[in-house]
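Data block below; observations after.
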Amino acid sequence: VFCSPAAHPKAIFESPRLQVMPDLYPLVPGHVLVTSKEHLPCLGAADAATMAELDEVVPEATAFVRDAYGVEPVGWENGVVGQTVFHAHLHLIPVDIHGGMLDELVADEASVEIHDWEAVAAHFREAGQYHYIKVHNRAWLVEGNGAMNWEGRRRLAIAAGLAPGGNLLKRPQGDADIAELAARYRGWAGSR
């Protein structure tokens, strides 16, 4: 879907290799995606230039969501495993799943705290799959079918007001929602 511009909402901003757009099926208002323009299976498969852009684009998109929606977004990427759209994309979702989640991620032996996108790429080269979770300024790689993956999904569902359960969590977004998100971005970008 991300390879066909007509199949997804218009990007609110972009870089040469990445685009930030409203999620077509947001969990909550303000849910955006950072997608690669090149068809990649996940962000861990990106080249060095794309990873360098991630270091610029993700903080800008995070700041926009935080400032415009009043909540630090959770970052989530299904690194090949658990994807429903088979194209690299990072979710930035303005929900509060914190209630102990940081402590649980730190305590979980299968969760690996990381500090950059190169760590994601190295893990992908070695293991072939991952889940990426970012809560505030800390990020982890968790097992594809491990406890923290499912706990993170459960907390996202609860925070978004969705029933926890099932594999697909989605709420359709209308044209008005997409336009409102784009307007918030223009206002936010214009005030900087």
Side-chain angles (χ1 to χ4, degrees), residues 1-3 7-69 71-95 97 101 105 111-125 127-142 144 148-149 152-153 155-156 159-160 168-170 173 181 185:
V1 70
F2 302 133
C3 292
H8 57 77
K10 183 177 185 239
I12 57 172
F13 74 93
E14 58 189 307
S15 68
R17 293 173 174 82
L18 300 168
Q19 55 191 352
V20 178
M21 68 182 71
D23 190 300
L24 192 55
Y25 298 100
L27 296 182
V28 295
H31 180 169
V32 300
L33 301 174
V34 178
T35 67
S36 61
K37 290 182 179 179
E38 174 187 5
H39 186 85
L40 299 170
C42 62
L43 294 172
D47 63 16
T50 302
M51 293 213 174
E53 286 185 24
L54 282 166
D55 288 335
E56 296 174 11
V57 170
V58 172
E60 182 175 351
T62 298
F64 157 63
V65 172
R66 181 192 60 238
D67 295 349
Y69 291 90
V71 178
E72 184 76 21
V74 170
W76 187 284
E77 185 203 5
N78 295 315
V80 178
V81 63
Q83 288 178 326
T84 55
V85 176
F86 300 97
H87 185 121
H89 61 287
L90 171 69
H91 297 264
L92 295 176
I93 310 163
V95 294
I97 66 166
M101 185 76 172
L105 283 162
S111 299
V112 177
E113 188 165 6
I114 59 166
H115 303 287
D116 56 31
W117 285 101
E118 181 50 42
V120 176
H123 185 84
F124 178 65
R125 286 190 300 269
Q129 64 178 353
Y130 60 88
H131 282 282
Y132 170 92
I133 301 174
K134 184 170 186 180
V135 180
H136 285 295
N137 294 326
R138 297 177 75 181
W140 288 265
L141 295 175
V142 302
M148 288 313 304
N149 167 42
R153 287 176 184 269
R155 288 180 186 231
L156 280 172
L168 296 177
L169 302 174
K170 60 184 180 180
Q173 179 159 293
L181 189 144
Y185 177 76

Exactly one of Arg138, Arg66, Lys134 clears salt bridge (Lys or Arg N to Asp or Glu O under 4.0 Å) with Glu72, and that residue is Arg66

Is any side-chain heavy atom of Val65 closer than 4.5 Å to a side-chain heavy atom of Thr62? no

For Pro29 and Pro94 the tightest heavy-atom approach is O-CG, 3.3 Å

His89 and Glu77 have their tightest heavy-atom pair at O-CG, 3.3 Å

CD of Glu118 to CG of Asp55, rounded to nearest 0.5 Å, is 10.5 Å

Closest heavy-atom pair, His31 versus Pro26, reported as atoms and distance to 0.1 Å, is ND1-CA, 3.4 Å

Tested for side-chain contact (heavy atoms from CB on, under 4.5 Å) against Met21, the lone hit among Thr35, Ile12, Leu181 is Thr35

When every non-hydrogen atom of Pro41 is compared with those of Phe124, the smallest separation belongs to CG-CZ, 4.4 Å

Of Val34, Leu27, Leu33, Val32, the one forming a side-chain contact (heavy atoms from CB on, under 4.5 Å) with His91 is Leu33

Quick one: does Lys37's side chain have a donor or acceptor within less than 3.5 Å of a partner on Ser15's backbone? yes

Minimum side-chain heavy-atom gap Leu90-Leu92 below 4.5 Å
yes

In terms of heavy-atom contacts, Ser111 and Val142 come closest through OG-CG1, 3.5 Å

request  = Examine distances only and state if a side-chain atom of Glu53 and a backbone atom of Arg17 form a donor-acceptor pair shorter than 3.5 Å.
outcome  = yes

Heavy-atom nearest pair, Leu18 first then Ser36, reads CD2-CA, 3.9 Å

- Message: Taking Leu43's backbone N and O only, do any of them form a donor-acceptor pair with Tyr132's side chain (distance below 3.5 Å, no angle check)?
- Response: no

